[in-house]
Amino acid sequence: MNTTEDHSTHLHKKEENSSSANKKSRKKSSCCTIDDEQLDDHSGHDHSHEHDDLDGNKFLLFLPAMITFVLLGIGLAIDNLFPQSWFTGWIRIALYVAAYIPVGIPVLRDAYSSIVKGDVFSEFFLMSIATVGAFGIGQYAEGVTVMLFYGIGELFQTLAVTKAKSNIKLLLDQRPDEATVIEGQKSISKKASEIKIGEIIELKVGEKLALDGILLSDTATFNTAALTGESKPDSKSKGDFILAGMINLNSIALVEVTTAFEDSKLSKILEMVQDATTKKAQTELFIRKFAKVYTPIVVYLSIAICLVPILIVDDYVFKDWLYRALIFLVISCPCALVISIPLGYFGGIGAASKNGILFKGSTFLDIMASIQVVVMDKTGTLTKGVFKVQKVVSVENDEANLVCYTAAIESKSTHPVGSAIVQYANLSFEDVIVSEVVEIPGLGLKGKVDGNDIAVGSPKLMKKLNIAYDVVLDSIPFTTIVVAINQKYAGYFIIADEIKEDAKAAIQSLHKIKIKTILLSGDNQAVVDAVAKELNIDEAHGGLLPENKVQKVEDLLKQKYKVAFVGDGVNDAPVIALADAGIAMGGLGSDATIETADIVIQNDQPTKIFTAINIGRKTKQIVWQNITLAFAVKLIVLVLGAGGLATMWEAVFADVGVALLAILNAVRIQRMKF
């Protein structure tokens with residue numbers, strides 16, 4: 001049976017090279033790319049007009065666009081609705097230049113900075129050429145409009161990224177910096193980072209726990225939403241592990257610290273989610289590489305559109321072909337792709353963390369979307385990993401006496417089965433006298449209780465002592481403890497690992513989306529078959545060593561199945577590493593398993609396996625919707641623009657309009673309920 005030892009350091013400790021030092025060193029490689037520093041700093045792009053304090057004053061954020069909008073509106077009104085004889089020449093140019101400056105100057109500055117850094121073909125360069133060129137051929141209103149819509153697009157990108165980070169910001173807010181520590185007869189406030197293992201924290205009602213520890217109070221109730229995504233209160237008893245980020249709900253609780261601040265489970269969650277943004281999905285990596293090649297090609301094509309016709313067109317007019325080339329440039333910027341795709345994946349990671357599921361990279365969202373077979377361990381994954389008495393049968397004796405005598409003997413043992421019987425008896429044996437207890441290795445115990453000879457153990461013990469018992473007990477798949485009182489068969493206990501409440505619903509959900517389920521366990525085949533039958537699992541294999549589990553998964557991979565393996569024990573680490581997607585149960589899971597896993601389920605609920613697959617599928621669906629939309633619209637308008645059938649207004653829609661639609665589509669996943 002898997003144990004739950006050393007709960008305090010379960011989550012994988014990542015290398016610190018994803019810290020702010022590295023963030024500062026990363027450079028933007030293509031137009032509109034969202035890098036980690038942009039997500040962390042709440043800025044839409046790596047340029048000087050970053051929007052660092054969105055919550056502080058959104059009015060100032062939108063002010064340049066508002067000024068441009070008003071001045072552009074005045075110019076268009078005088079040009080088209082209320083023509084004025086004086087609105088010509090330098091006056092007209094001055095108004096449109098004034099309208100251009102608030103949104104245009106930052107972009108021109110960024111284009112210069114990008115060129116200095118060696119990144120010539122950036123979005124800033126494209127927008128600068130297109131809009132300055134429009135002014136050069138007298139299309140002042142169109143030049144201002146392109147830059148205005150581009151600026152508005154930037155603002156929406158910034159807001160979308162900020163929204164995508166909200167779940168992780170919530171996690172950061174859940175980690176208290178201080179805690180109340182009891183020293184002698186005093187309660188003092190200390191920084192969480194200075195509290196040592198073994199110190200006692202006094203947790204008041206409504207307070208969040210700063211460090212992992214063991215509950216010293218008899219009972220306490222906690223809100224665990226920061227860790228598990230579940231709002232349902234979780235009741236804990238004395239001796240239970242309590243994790244940083246949990247909120248005390250009912251009465252003052254005392255907690256003994258077991259883990260340093262930086263090693264708490266909540267700290268590990270934050271590291272994992274932050275590191276996840278650095279691991280890109282293949283689709284995302286492809287789009288970034290594509291943009292690096294695509295953008296310069298488009299620039300050269302636009303030059304060709306402007307100049308090549310002079311060799312083949314009789315009535316060549318430079319101004320007309322330059323206008324077509326500028327339209328081509330505006331359309332070409334791949335903002336919709338390289339903004340919305342990373343944003344979609346980041347939104348998927350955020351949605352998963354909100355549901356208590358931690359993806360260690362966006363690539364695993366893609367993998368989960370294609371999973372065909374889910375292979376599961378039994379103990380700690382589908383069952384609770386704790387032995388409990390499931391049934392008591394007394395033969396010619398009072399059941400209360402049977403429980404009392406058996407628990408009295410088992411109280412002298414440390415075996416998990418004995419502990420289950422002692423817990424079931426609920427201290428009913430405290431007043432009896434126990435003596436002469438002898439352990440019979442591998443079989444059970446013998447002793448005296450209130451002068452009665454008691455034998456407790458497996459059916460094999462009864463055979464050894466030549467005590468007749470019901471032979472039906474030999475065929476029961478679960479652990480059976482037989483009891484004899486004064487050399488006479490008195491009854492038996494059936495003890496089994498409890499199946500988790502949502503295990504059956506988890507298997508049903510997987511079957512609904514046509515995913516095959518397989519159970520692999522080290523327990524005997526009869527026990528494994530019984531669990532598989534109750535849960536309706538497709539295949540079940542028992543009596544397996546870790547290497548046997550690896551072999552089973554290897555066989556599936558050879559058949560070209562996409563396989564996810566779910567486990568929690570140290571012995572599951574090799575097979576978790578082998579599977580396409582390794583999933584660890586984060587509450588009961590061992591350090592090695594969680595470190596090896598690609599995905600961690602915080603609250604140990606099997607139904608989260610389905611949730612993880614669903615989030616992966618929705619994320620991939622949204623990403624491909626955006627790719628299809630962007631390519632289709634841009635291709636159509638590029639052809640029309642090159643042929644002189646599209647104006648700058650269509651170009652604005654093909655660039656900024658499609659980008660905004662793709663961004664709005666990408667952020668949908670953050671509002672979905674899974």
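Proximity of a side-chain donor or acceptor of N248 to a complementary backbone N or O of S251 within less than 3.5 Å is detected. T259 places no side-chain N or O within 3.5 Å of a backbone atom of V257 that could act as its donor or acceptor partner. K500 contributes a side-chain N or O that, together with a main-chain N or O of T381, makes up a donor-acceptor pair within less than 3.5 Å. A donor-acceptor pair is defined here as one N or O able to donate and one able to accept, closer than 3.5 Å; such a pair exists between the side chain of Q390 and the backbone of K388.
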- Query: Going through the distances and angles, do M376 and I507 end up as a side-chain contact (heavy atoms from CB on, under 4.5 Å)?
  - Reply: CA-CA 11 Å; M376 292 160 282; I507 303 302; 3.6 Å; yes
- Trace of the side chain to side chain donor-acceptor pair (under 3.5 Å) decision for T258 with D212: CA-CA 6 Å; T258 60; D212 297 345; 5.8 Å; no
- Task: Evaluate the side-chain contact (heavy atoms from CB on, under 4.5 Å) criterion for residues V255 and I214: first the C-alpha distance (whole Å), next the side-chain angles of each, then the deciding distance (0.1 Å), finally the verdict.
- Result: CA-CA 5 Å; V255 179; I214 296 174; 5.9 Å; no
- Item | Verdict with reasoning, D366 to Y345, per side chain to side chain donor-acceptor pair (under 3.5 Å) | CA-CA 9 Å; D366 274 354; Y345 281 114; 2.9 Å; yes
- Verify side-chain contact (heavy atoms from CB on, under 4.5 Å) between S413 and L445, making sure each step is shown before the conclusion. CA-CA 8 Å; S413 169; L445 302 168; 3.8 Å; yes
- Message: Could you walk me through whether S362 and I349 satisfy the side-chain contact (heavy atoms from CB on, under 4.5 Å) test, starting with their C-alpha distance in whole Å, then the side-chain angles of each, then the deciding distance to 0.1 Å, before giving a yes or no?
- Response: CA-CA 7 Å; S362 54; I349 291 173; 4.2 Å; yes
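Summarising the geometry of I357 relative to K608, their closest heavy-atom pair is CD1-O, 3.5 Å, with the distance given to 0.1 Å. Listed here is the closest heavy atom pair of A220 and F222: CB-CE1, 3.5 Å. Residues K618 and F674 come closest through the heavy atom pair CG-CE2, 3.8 Å. Heavy-atom minimum distance, D497 versus K378: OD2-NZ, 4.3 Å. The minimum heavy-atom distance between L461 and G444, with the atom names listed, is CD2-CA, 4.2 Å. In terms of heavy-atom proximity, A253 sits nearest to S217 at CA-OG, 3.4 Å.
For D398, the CG atom counts as densely surrounded, since its 6.0 Å shell holds more than 12 non-hydrogen atoms of other residues, nucleotides or ligands. Within a 6.0 Å sphere centred on NZ of K448, other residues, nucleotides and ligands contribute more than 12 heavy atoms.
In this structure, K191 has no side chain to side chain donor-acceptor pair (under 3.5 Å) partners at least two apart in sequence or on a different chain.
Between K549 and D377, at least one side-chain nitrogen of the basic residue sits less than 4.0 Å from a carboxylate oxygen of the acidic one, meeting the salt-bridge criterion.
I615 is not listed as a side-chain neighbour of M368, based on a closest heavy-atom distance of 4.5 Å or more. Within the 4.5 Å cutoff, the side chain of V205 has no heavy atoms near those of the L249 side chain. You'll find the side chain of I252 stays beyond 4.5 Å of the side chain of L203, heavy atoms only. With contacts defined as side-chain heavy-atom distances shorter than 4.5 Å, the pair K190/E199 qualifies. Between D598 and I583, the closest side-chain pair of non-hydrogen atoms is not below 4.5 Å. Residues L535 and I499 meet the side-chain proximity criterion, which asks for heavy atoms closer than 4.5 Å. Side-chain contact between V434 and K412: present, with at least one pair of heavy atoms (C-beta onward) separated by less than 4.5 Å. Between E178 and E207 the shortest side-chain heavy-atom distance does not fall below 4.5 Å.
Going from atom OG of S521 over to atom CG of L519 covers 6.0 Å, rounded to the nearest 0.5 Å. Remark: I367 CD1 to F359 CZ distance equals 10.0 Å, nearest 0.5 Å. We find the CD1-CD1 distance between I599 and I601 to be 8.0 Å, quoted to the nearest 0.5 Å. Interatomic distance, D502 CG to Q605 CD, rounded to the nearest 0.5 Å: 5.0 Å. Annotation: the span from F565 atom CZ to L578 atom CG amounts to 10.0 Å, rounded to 0.5 Å. Here OG1 of T180 is found 11.0 Å from CG of L254. Values are rounded to the nearest 0.5 Å.
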Can you give each donor-acceptor pair under 3.5 Å made by side-chain atoms of residues 418-430, sequence neighbours left out, with the distance rounded to 0.1 Å?
unit_1 : atom_1 : unit_2 : atom_2 : d
S419   : OG     : H415   : O      : 3.2
S428   : OG     : A425   : O      : 3.1

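Donor-acceptor pairing under 3.5 Å is lacking for the side chains of N355 and T611.
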